[in-house]
Amino acid sequence: MGKGRTTMEVGPDGVAIVTIDNPPVNALSADVIFSLKESYEQAMRRDDVKAIVLTGARGKFSGGADINSFGSGKKEAKIGSMSVDFVTDVIEGARKPSVAAVDGLALGGGLEIAMACNSRISTSTTQLGLPELQLGIIPGLGGTQRLPRLVGLSKGLEMMLTSKPIKGDEAHALGLVDAIVSSKDLIPTARRWALDIVECRRPWIKSLYKTDKIEALGEAREVLKFARAQAQKQAPHLQHPLVCIDVVEEGIVSGPRAGLWKEANSSYELQFSETSKALIHVFFSQRATSKVPGITDLGLMPRKINTVAILGGGLMGSGIATALILSNYRVILKEVNDNFLQAGLGRVKANLQSRVKKGVMTQENCARTLTRLTGVLTYESFKDADLVIEAVIENVSLKQKIFADLEEYCPSHCILASNTSTIDLNLIGERTKSSDRIVGAHFFSPAHIMPLLEIVRTHNTSPQVVLDLLDLGKKIRKTPIVVGNCTGFAVNRMFFPYTQSALLLVDCGLDVYQIDRAIAKFGMPMGPFRLADLVGFGVAVATGAEYLKSFPERSYKSILIPSMLEDKRAGEATRKGFYVYDERRKASPDPEIKKYIEKSRSVAGFTTDKIMKLADKDIVEMIFFPVVNEACRVLDEGISVKASDLDIASIMGMGFPSYRGGAMFWADSLGANYIYSRLESWSKTYGDFFKPCSYLAQRAKRGTSLSAPVNQAKSRL
Ligand SMILES: C[C@H](O)CC(=O)SCCNC(=O)CCNC(=O)[C@H](O)C(C)(C)COP(=O)(O)OP(=O)(O)OC[C@H]1O[C@@H](n2cnc3c(N)ncnc32)[C@H](O)[C@@H]1OP(=O)(O)O
């Protein structure tokens, strides 16, 4: 069966309406392109066709090339033909004009085809953009040449390098679209516009040859130089943004057709790059997180949540409240006294004000958004809540008391969620009879910014409750992952060995700053010691104790952080941790930490100095292989149902580089056997911290990937 097609309908006015039809987003599959070509050939042949209006079915122009087909073609396939022979010669070069009627979205190849039309009419809310770079490729259907010629070089480069779409209104102001109309008027206006071109009442424009928006060569070179510097600064590990700039430059220096050929060659090559494979894996994995067996396949519908009550206005509670009111939820924020309440409400206001300062929110919108927030000191108004999120300090008996109170004050349909990052949910709900509606809603700090939401369910949590939270997560623009109940759940648990292995390496003689540099070079936003400073040593010690209690046989206990904490050196908040911080929070290495390190090494008693001179690659492996090992346990125990969820968790929760596809995807690129044998040999020298788990051992032995699905029967979810 084919995947998508175009239809053609010729009106009595002589305008052929060609519609791209490939649900859900009218992606340009091979079948769609083939059918589009046929429609154009037919339109050229037919005497009753004077002009063409190109549009998309169901209110969406096109979401671009079909990402499913990327990297699957044979490398020797003919290149460049589609962009030059079809888009440029057949659409743009046709002897009958085309007008694109653009609604909903025109992204990637979708926008590129629209730009090859001789005019574009759109609605004000349509999203238009070239997001190819976020998939590790560059525009391949002429976008690198036509976009700068329509909107100017700086704006065109900005749109490509950031991958961010713009709305119809802005596109109109920039000259990317020629008129804005309502959805209802889209096709009639485009029809008239096309006939106006035929009858010379409007210009017949070929974007590829426009020159009025492009700066003179000298100035253009300056813009390109600036763009290169920006790309290198923002994505120092990535090549394809620089390739994109080179391709744009080629068109400016040697003419647009030369630019098209360079674009065709480069975009084809990039499709097969490791970076692109990893980023496309991330694209699909992110969408797959909300498909949960046993939850989303039961035919249930999410219930409507209008009012959310939050307990605790600290950093987490106020961040969660901010995220919710920004997405139109009514929020009740409860605190224990007026001082705390005002501080909590103040934090929410400050979060919104910072959006106003950045120019992403107007003052009026900020004021309107705040009207959705109410502060309270009692449970009285909880009778209206559809969901409660408890975000108080990590104290079991306090949480038990709160959940018993919630059962009394909230309506029986109300979901009772905890934002705990470590405590067992069964323990929290022990004094209630509501275990079917108790669930974890673990946000990451700062909650209004970090994109991940870990939804934790126990054996008793009902599928309906999980579905409701999945729906809420999507509405507040988070990526939700559903996980089972255990110490640290999925994200924190898979990453607990991250800091511990770094501490072990230091106890064995390695330099703190060399470790941080190696890990940052690998692509993490910061190394484990800079991260420990940021999180604060108090939290690090408390969570370390939890892991030691739950997984004593494989926890590494170093005295380094506790002994620094004893001297009131607690991380960035005290301006002293592994680094010292100036008044602008800039971190510098601190020679004073030497004394703590020496003490820690003597207590650890490692005699070997063999690993004193590790290469960066070995540091990365000794830090991340224990993370992969723990992730394997998380999968084996059914805490997480698919490896791709852990990829997303590692990227969005911990900052693992997305261009490496996430921790498990990266591990599979190295091979289970390699990871197993390295862990096995380290465990002989340094102990059980490195001991490979049975899941890893079995997969290494069988030669299967770590991401291959786990036997469903073993799932604990
Ligand atoms: C040659 C060219 O230069 C190369 C290109 O065009 S590369 C492609 C460029 N286009 C893109 O990067 C757009 C990617 N898509 C998106 O950003 C978003 O999906 C969207 C804004 C189109 C829609 O978002 P949203 O409404 O939230 O729905 P979302 O869940 O993301 O997508 C709906 C479905 O369409 C699929 N889909 C979206 N875009 C797709 C594409 N370009 N190809 C194939 N499938 C696509 C998704 O995988 C998802 O499938 P599922 O339901 O089976 O999970």
Side-chain angles (χ1 to χ4, degrees), residues 3-4 20 22-33 36 56-73 77 79-84 86-88 102-116 125-147 159-160 162-167 240 243-244 247-248 260 263-273 276-277 279-292 296-297 451 470-471 473-480 642 644 648 658:
K3 206 179 168 312
I20 303 169
N22 183 16
V25 299
N26 298 327
L28 304 173
S29 63
D31 290 331
V32 167
I33 295 281
L36 187 56
R58 293 168 299 279
K60 286 178 183 145
F61 187 78
S62 169
D66 184 352
I67 302 171
N68 290 295
S69 66
F70 282 9
S72 58
I79 52 172
S81 60
M82 198 149 64
S83 169
V84 182
F86 175 56
V87 178
T88 304
V102 186
D103 202 358
L105 46 89
L107 300 174
L111 178 59
E112 293 178 277
I113 285 185
M115 289 193 292
T125 52
T126 296
Q127 304 261 348
L128 303 104
L130 294 181
E132 284 89 340
L133 266 70
Q134 76 185 6
L135 299 171
I137 54 170
I138 63 167
L141 294 180
T144 60
Q145 306 304 307
R146 288 189 181 87
L147 188 63
M159 284 175 68
M160 287 185 265
T162 60
S163 288
K164 279 200 188 125
I166 55 172
K167 290 251 177 84
H240 67 284
V243 173
C244 181
V247 167
V248 172
L260 279 186
E263 179 198 88
N265 287 316
S266 303
S267 72
Y268 180 79
E269 284 298 323
L270 285 168
Q271 259 192 61
F272 298 92
S273 70
S276 173
K277 282 183 202 150
L279 289 171
I280 286 169
H281 168 75
V282 172
F283 175 84
F284 286 118
S285 301
Q286 196 178 343
R287 277 144 189 90
T289 58
S290 49
K291 293 173 187 132
V292 188
T296 50
D297 51 5
L470 275 168
D471 186 55
K474 197 157 186 201
K475 292 205 169 107
I476 61 172
R477 288 187 282 275
K478 302 283 177 211
T479 298
K642 43 189 185 317
S644 62
I648 295 303
S658 58

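All ligand and atom numbering here is 1-based and tracks the order in the structure. Since the structure is predicted, the reported quantities are computational estimates derived from the model, not experimental observations.
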Fill in: atom 12 (O) of ligand 1 protein-contacted (non-hydrogen atom, under 4.0 angstrom)
yes
Practice prompt. With side chain to side chain contact (heavy atoms under 4.5 Å, CB included) as the test, would you mind laying out the steps for Val248 and Met160 before giving the verdict?
Written response: CA-CA 10 Å; Val248 172; Met160 287 185 265; 4.0 Å; yes
Worksheet item: Considering all protein heavy atoms, does one lie under 4.0 Å from atom 19 (O) of ligand 1?
Response: yes
Worksheet item: Is atom 3 (O) of ligand 1 less than 4.0 angstrom from some protein heavy atom?
Response: yes
Fill in: Under-4.0 Å heavy-atom contact between protein and atom 42 (N) of ligand 1
yes
Worksheet item: Any idea which protein heavy atom is nearest atom 14 (C) of ligand 1, and the distance to it?
Response: Phe283 CE1, 3.6 Å
Discussion item. Could you tell me if the side chain of Ile648 sits less than 4.5 Å from the side chain of Lys642, heavy atoms only?
Written reply: no
Worksheet item: Under 4.0 Å from ligand 1, counting heavy atoms only, is it the side chain of Pro24, its backbone, both or neither?
Response: side chain
Worksheet item: CG of Asp297 to NZ of Lys291: how many Å apart, nearest 0.5 Å?
Response: 12.0 Å
Worksheet item: With respect to atom 1 (C) of ligand 1, which of Asn22, Leu130, Leu141 exhibits the smallest heavy-atom separation?
Response: Leu141
Practice prompt. Would you mind checking which non-hydrogen protein atom is closest to atom 22 (C) of ligand 1, with the distance to 0.1 Å?
Written response: Leu105 CD2, 3.8 Å
Fill in: Polar atom proximity, Phe70 to ligand 1 (N or O, under 3.5 Å)
no
Worksheet item: At a non-hydrogen distance cut-off of under 4.0 Å, which region of Tyr268 contacts ligand 1 (side chain, backbone, both, or neither)?
Response: neither
Worksheet item: Against heavy atoms of Pro131, which atoms of ligand 1 measure under 4.0 Å?
Response: 10 (N), 11 (C), 12 (O)
Discussion item. So which atom in Ser163 and which in Pro131 form the shortest heavy-atom distance, rounded to 0.1 Å?
Written reply: OG-O, 3.4 Å
Worksheet item: For atom 10 (N) of ligand 1, which candidate among Gly63, Ser69, Ser163 holds the nearest heavy atom?
Response: Gly63
Worksheet entry | Spacing of Glu112 atom CD and Gln145 atom CD [to the nearest 0.5 Å] | 10.5 Å
Worksheet item: Roughly how far, to the nearest 0.5 Å, is CG of Leu105 from OG1 of Thr125?
Response: 10.5 Å
Discussion item. Less than 4.0 Å is my threshold; does some heavy atom of Gly143 fall inside it relative to ligand 1?
Written reply: no
Discussion item. To the nearest 0.5 Å, what is the distance between OG on Ser29 and CD1 on Ile20?
Written reply: 10.0 Å
Fill in: Any Gln127 side-chain heavy atom under 4.5 Å of Lys167 side chain
yes
Item to complete: To the nearest 0.5 Å, tell me how far Met82 CE sits from Ile113 CD1.
Response: 7.5 Å
Discussion item. Side chain to side chain contact (heavy atoms under 4.5 Å, CB included) for Leu260 and Ser83? Distances and angles first, verdict last.
Written reply: CA-CA 7 Å; Leu260 279 186; Ser83 169; 3.8 Å; yes
Item to complete: For atom 27 (O) of ligand 1, decide whether some protein heavy-atom distance is shorter than 4.0 Å.
Response: no
Discussion item. If you scan the protein for heavy atoms around atom 7 (S) of ligand 1, do you find one that is closer than 4.0 Å?
Written reply: yes
Practice prompt. May I ask you to test the Phe61-Leu128 pair for a side-chain heavy-atom distance under 4.5 Å?
Written response: no
Discussion item. Do Phe284 and Ile280 have side chains that approach each other closer than 4.5 Å (heavy atoms only, starting at C-beta)?
Written reply: yes
Discussion item. Taking the side chain as everything from C-beta on, heavy atoms only, tell me whether Arg146 gets closer than 4.5 Å to Val87.
Written reply: yes
Discussion item. Students should be able to answer this: which protein heavy-atom is nearest to atom 45 (N) of ligand 1, and at what distance?
Written reply: Asn68 ND2, 4.0 Å
Worksheet item: Would one find an N or O of Ile67, backbone or side chain, under 3.5 Å from an N or O of ligand 1?
Response: yes
Practice prompt. Provide, to 0.1 Å, the distance between atom 21 (C) of ligand 1 and the closest protein heavy atom, together with that atom's residue and name.
Written response: Leu107 CD1, 3.8 Å
Response to the item:
Counting heavy atoms under 4.0 Å, the part of Asp66 that contacts ligand 1 is both
Worksheet entry | Best match, Gln271, Arg477, Lys474, Arg287: closest heavy atom to atom 47 (C) of ligand 1 | Arg287
Response to the item:
Taking only non-hydrogen atoms of Ala27 and a 4.0 Å limit, the atoms of ligand 1 in range are 43 (N)
Item to complete: Decide whether an N or O pair under 3.5 Å exists between Gly108 and ligand 1.
Response: no
Item to complete: Kindly check if the number of other-residue, nucleotide or ligand heavy atoms within 6.0 Å of CZ (Arg58) is above 12?
Response: yes
Worksheet, complete the sentence: Out of Leu133, Val87, Val25, Leu135, the nearest non-hydrogen contact to atom 23 (C) of ligand 1 is supplied by Val25
Discussion item. Which of the numbered atoms in ligand 1 are under 4.0 angstrom from any heavy atom belonging to Pro139?
Written reply: 3 (O)
Worksheet item: With a cut-off of 4.0 Å, which atoms of ligand 1 are near a heavy atom of Glu132?
Response: 2 (C), 3 (O), 4 (C), 5 (C), 6 (O), 7 (S)
Worksheet entry | Non-hydrogen side-chain atoms of Pro139 and Leu133 separated by less than 4.5 Å | yes
Worksheet, complete the sentence: d(Gln271 CD, Ile67 CD1) to nearest 0.5 Å is 11.0 Å
Worksheet item: Is the closest heavy-atom distance from Gln127 to ligand 1 below 4.0 Å?
Response: no
Worksheet, complete the sentence: atom 51 (P) of ligand 1: of Lys291, Glu112, Met82, the nearest heavy atom sits on Lys291
